[in-house]
Amino acid sequence: MNIIKDTQSNFITKIIDDDNHTKKWDERVHTRFPPEPNGYLHIGHAKSICLNFGIAQKYGGKCNLRFDDTNPLKEEDEYVKSIIDDVKWLGFHWEDEPLYASNYFEQMFDYAIELINQGNAYVCDLKSDEVKDQRGTLKNPGIESPFRNRSISENLELFKKMRAGDFLDGEKTLRAKIDMQHANLNMRDPVMYRILHAKHHRTGSKWCIYPMYDWAHGLEDSIEKITHSICTLEFEDHRPLYDWYLNSLEVYHPQQIEFARLNLNYTIMSKRKLKRLVDEGHVDGWSDPRMPTISGLKRRGYTPKSIKHFSDEIGVTKRDTVVDVAKLENALREDLNKRAPRVMGVLDPIKVVITNYPEGEIETLDAKNNPEDESAGTRKISFSKEIFIERNDFMEDPPKKYFRLSLGKEVRLKFAYYITCTEVIKNENGEISEIHCTYDPKTKGGMSDDGRKVRGTLHWVSASEYIEADIRLYDRLFKSQNPEASGDFVDDLNPDSLKLIKNAKLETCLSNAESKSIYQFERTGYFVLDSKDSSENNLIFNRAVSLRDSWAKLNR
RNA sequence: UGGGGCGUCGUCUAAUGGUAGGACACCUGGUUUUGGUCCAGGCAGUUGGGGUUCGAGUCCCUACGCCCCAGCCA
């Protein structure tokens, strides 16, 4: 391919190119990724991370990892740890320590005093339901708080008392004095501070008033000298307020730009809902391999590269859309196909006896580690009179296009020999218990020099030498493209999203499988050791994604 | 006639006013010691209606459709 794709270009990079051209920010580019530590990051956040850090890389700028920790009720240290891990795992770096909104609480407080002094903010005694009643509706204007015209000195005194802890939760708020008639609800005297006597994960009990998002976020961006403050579409309505605060204070003023968040079919992306899956035990925690969390994808066997590639592929726009999860799966296959070592593993074994093969003999054969990469070399595998093949690689009564094993037919055992089925042995229930074949000694290595055509090639494992492992086959967590479309998404959980396979027979080389490596089980899919439950005595492999299967497609 | 956004193949995404292109999905065929990969090909789109223009996905008008907003959440 001779066309090198420009490292991500979209409507945001166009704005930046423009800004660099006009020297709006002195050709400086500084973004930030500002998660709230109230849950684990998911693939939607990955899009934002790739965007923000990617832009910094592209322009030789910076991107801050900043925790937007302004709500002590929801935030926990466990989440900041996981977020740091996830961003690092994706391969992005930031300068020094991660930043925290809570670092700026004192500064924000001072700015609030300034706003009060300007006559632009006031302490309001209304309770939250009263504020709600007076805010008006989408179509009708709100009414002004009776406390709106308190004197500056009274506001100052009251606000300081709020901070000092003289009031109960919810008793008072600090509000911006903007316009109760404004068509944009966000501008109807929004709350800047609420009273919360709660322990904060970083500041402990130092504060009992906490800034609201709109007040805090612009200041965080301003303090950090962010140039482009990139957020999702639902904040479009908040931009006038973002601008109002920074304009009123006459401080450094970044530009907020909104883009559409990622939606995936067969997936839910809301942190609140993912938390429910965790809390109600529908999944094995935030890192369950079926979860769209970054830690879940990691445990599933996804690679940072595949996620970044996916992120590049879906682009950045303002349309809200639903991306086909197949696109994500494809990104993984694309990455793994090139570098995953191949091994053979039989998930649902049936025994094959090669009747004309010498009893007790064990042969060592060469197997390619990766046909896509000659430098991956070869390995030794052992072959014997009895082997295992996949149960569905044999059919007694095959359809025309079936070119696997059946009575009288010849197939290739990959890297070994051609075998021909001579007899099917059944137990008293009529189930196939064993298959008898003969082999052609002249086809060692899996090739004949007489031009014979063998359509089918099967993977296999020697019954004389193998290891056993449990396999977890993962499928989509939900049955419907849009799990939230009809009622409760929990009702749409796919009962077959996890299939457990006990005692699969695997090549012995897998006994020293590394948890970091992802293997392709020939003809089956990509597998990785489960980072949580696998142990030396009980190997457990997760299927990251299956191989494309045009045979299965044909049978649909 | 509350405000703010958005409409391009089935899906995602490109196109200084100048041949509507790419990816995924789907379908053919070829190669293949993975029914994988790879290769070749195919299917398929500018929400509707007007206008400006030699020329409109792009500009204007209009209609329609979809999303977001009434937390002391972010």
Side-chain angles (χ1 to χ4, degrees), chain A residues 3 5 9-10 34-36 38 68-71 73-75 124 126-129 131-133 135-142 169-175 182-188 190-196 209-210 212-214 216-217 231-240 258 260 265 271-272 310 312-331 333-334 337-338 342 344 367-368 371-372 401-404 412-416 418 443 445-447 454-459 520-525 546-554:
Chain A
I3 301 157
K5 202 196 160 204
S9 139
N10 51 56
E36 183 189 14
N38 67 342
D68 209 1
D69 55 351
T70 57
N71 184 353
L73 267 20
K74 294 186 176 177
E75 296 148 9
C124 181
L126 257 22
K127 301 292 175 294
S128 72
D129 50 339
V131 172
K132 187 179 176 178
D133 288 344
R135 185 158 27 230
T137 66
L138 294 178
K139 295 194 177 180
N140 302 314
D169 286 4
E171 204 176 325
K172 285 183 167 42
T173 56
L174 183 71
R175 294 226 261 164
H182 204 111
N184 181 342
L185 290 288
N186 295 124
M187 300 295 272
R188 319 240 261 229
V191 171
M192 294 166 60
Y193 279 94
R194 75 285 213 186
I195 300 173
L196 248 28
I209 57 171
Y210 290 92
M212 296 288 291
Y213 168 85
D214 291 300
H217 204 89
C231 62
T232 44
L233 249 30
E234 67 271 25
F235 291 104
E236 245 162 349
D237 287 342
H238 294 245
R239 183 165 15 100
E258 310 85 11
N265 58 9
K271 269 199 246 178
R272 212 191 81 241
F310 169 73
D312 281 347
E313 284 236 319
I314 56 175
V316 179
T317 65
K318 295 190 71 136
R319 301 176 215 159
D320 73 345
T321 53
V322 182
V323 176
D324 192 340
V325 70
K327 192 133 184 161
L328 214 210
E329 295 169 346
N330 180 262
R333 288 194 188 102
E334 200 174 315
N337 174 54
K338 295 218 174 58
R342 271 63 167 173
M344 294 199 284
K368 272 190 183 177
E372 300 292 312
K401 287 210 164 172
Y402 187 84
F403 39 84
R404 276 113 101 141
R412 169 188 298 114
L413 292 176
K414 186 145 183 154
F415 305 130
Y418 292 178
T443 58
M447 200 169 46
V454 177
R455 284 301 300 270
T457 300
L458 310 186
H459 60 278
Q520 185 195 105
F521 288 9
E522 299 249 13
R523 303 208 302 137
T524 305
S546 65
L547 252 31
R548 269 204 199 83
D549 189 349
S550 53
W551 170 243
K553 214 175 272 175
L554 211 120

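Proteins come first, then strands; the chains are lettered A, B, ... in the order of their sequence lines, and each starts at number 1.
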TODO: Have a look at B:G7 and give me syn or anti from its glycosidic angle (syn if within 90° of zero).
DONE: anti
- [ ] Could you pull out the closest heavy-atom pair between A:Val131 and A:Arg175, with the gap in Å?
- [x] CG1-NH1, 4.1 Å
Open item on the list: Please pick, from B:C72, B:A14, B:A70, the nucleotide with the shortest atom-to-atom distance to any side-chain atom of A:Val131.
Closed with: B:C72
Open item on the list: Using Watson-Crick or G-U wobble geometry with both distances under 3.5 Å, which nucleotide pairs with B:C59?
Closed with: B:G51
Open item on the list: Taking 5.5 Å and 30° as the limits, would you call A:Trp551 and the base of B:G35 a stacked pair?
Closed with: yes
Task: For B:A74, the Watson-Crick or wobble counterpart (both distances under 3.5 Å) - done: none
- [ ] Would you classify A:Arg319 as touching base, sugar-phosphate or nothing, given that sugar-phosphate means primed atoms plus P, OP1 and OP2, and contacts are heavy atoms under 4.0 Å?
- [x] base
- [ ] Mind checking A:Phe403 for me? I need base, sugar-phosphate or nothing, with any heavy atom below 4.0 Å counting as a touch.
- [x] base
TODO: For A:Ser550, report the nucleic acid contact type (base, sugar-phosphate, nothing); a contact means any heavy atom under 4.0 Å.
DONE: sugar-phosphate
Open item on the list: Need to verify one output field. Residue with the more 5' nearest nucleotide on RNA chain B, A:Pro34 or A:Lys338?
Closed with: A:Lys338
TODO: Would you kindly compare A:Phe415 and A:Glu236 by the position of their nearest RNA chain B nucleotide and give the one closer to the 5′ end?
DONE: A:Glu236
TODO: Record whether the side chain of A:Glu313 comes under 3.5 Å of the base of B:U13 through a donor-acceptor pair of N or O atoms.
DONE: no
Open item on the list: Strictly by Watson-Crick or wobble contacts shorter than 3.5 Å, is anything paired with B:G35, and which nucleotide is it?
Closed with: none
- [ ] Could you tell me whether the phosphate oxygens of B:U34, OP1 or OP2, come under 4.0 Å of any side-chain nitrogen or oxygen in A:Arg455?
- [x] no
Task: Distance, P atom - from B:C12 to B:G49, rounded to whole angstrom - done: 23 Å
Open item on the list: Heavy atoms only, 4.0 Å cut-off, all strands: where does A:Val454 land among base, sugar-phosphate and nothing?
Closed with: nothing
- [ ] Just call it for A:Arg175: base, sugar-phosphate, or nothing, with non-hydrogen atoms closer than 4.0 Å on any strand.
- [x] nothing
Open item on the list: What's A:Leu547 touching, base or sugar-phosphate or nothing? Going by heavy atoms closer than 4.0 Å.
Closed with: base
TODO: Would you mind telling me which of B:C24, B:A74, B:A14 lies closest to the side-chain atoms of A:Asn330?
DONE: B:C24
Open item on the list: Could you check whether the side chain of A:Arg239 and the base of B:G4 have a donor-acceptor pair of N or O atoms closer than 3.5 Å, going by distance alone?
Closed with: no
- [ ] Considering just the side-chain nitrogens and oxygens of A:Asn38, establish if one lies under 4.0 Å of OP1 or OP2 belonging to B:C73.
- [x] no
Task: Options B:C12, B:C72, B:G36, nucleotide nearest the side-chain atoms of A:Arg342 - done: B:G36
TODO: Consider the side chain of A:Lys553, meaning its heavy atoms from C-beta on, and name the nucleotide among B:C72, B:C27, B:G35 that approaches it most closely.
DONE: B:C27
TODO: Quick one: label A:Tyr418 by what it contacts on the DNA or RNA (base, sugar-phosphate, nothing), any heavy atom closer than 4.0 Å.
DONE: nothing
Task: Which nucleotide in B:A70, B:U34, B:A25 has an atom nearest any side-chain atom of A:Pro371 - done: B:U34
Open item on the list: Using a heavy-atom cut-off of 4.0 Å across all strands, would you classify A:Thr70 as base, sugar-phosphate, or nothing?
Closed with: sugar-phosphate
Open item on the list: Does A:Glu522 reach a base, just sugar-phosphate, or nothing at all? Heavy atoms under 4.0 Å.
Closed with: base
Open item on the list: Over all strands shown, is A:Gln520 touching base, sugar-phosphate only, or nothing at heavy-atom distances under 4.0 angstrom?
Closed with: base
Task: Distance test, side-chain N/O of A:Arg188 to OP1/OP2 of B:G3, below 4.0 Å - done: no
Open item on the list: Does A:Lys127 have more than 12 heavy atoms from other residues, nucleotides or ligands lying within 6.0 Å of its NZ?
Closed with: yes
- [ ] Side chain of A:Phe235 only, please: which of B:A74, B:U34, B:G71 is the nearest?
- [x] B:A74
Task: From B:G35, B:G2, B:C24, nucleotide with atom closest to A:Arg523 side chain - done: B:G35
- [ ] Check every strand shown and say whether A:Thr321 touches a base, only sugar-phosphate, or nothing at a heavy-atom separation below 4.0 Å.
- [x] sugar-phosphate
Open item on the list: Looking at A:Lys74 and B:A74, is any side-chain donor or acceptor paired with a base atom of the opposite kind under 3.5 Å?
Closed with: no
Task: OP1 or OP2 of B:A70 under 4.0 Å from side-chain N/O of A:Thr137 - done: no
Task: Presence of donor-acceptor pair under 3.5 Å, side chain of A:Glu372 and base of B:G36 - done: yes
TODO: Report the base-pairing partner of B:G7 (Watson-Crick or G-U wobble, both distances below 3.5 angstrom), or none.
DONE: B:C64
Task: Nucleotide of B:C67, B:G3, B:C12 approaching A:Asp237 most closely (side-chain heavy atoms) - done: B:G3
- [ ] Answer with base, sugar-phosphate or nothing: what part of the nucleic acid does A:Thr457 contact at a heavy-atom distance below 4.0 Å?
- [x] sugar-phosphate
- [ ] Taking only the side-chain heavy atoms of A:Lys318 (C-beta and beyond), determine which of B:C24, B:A70, B:G5 contains the nearest atom.
- [x] B:G5
Open item on the list: What contact category does A:Asp68 fall into here, base, sugar-phosphate, or nothing, at under 4.0 angstrom with non-hydrogen atoms?
Closed with: sugar-phosphate
- [ ] Tell me what A:His238 touches on the nucleic acid: a base, only sugar-phosphate, or nothing, going by heavy atoms under 4.0 Å.
- [x] base
TODO: Answer with yes or no whether A:Asn184 presents, from its side chain, a donor or acceptor under 3.5 Å of a partner atom in the base of B:G4.
DONE: no
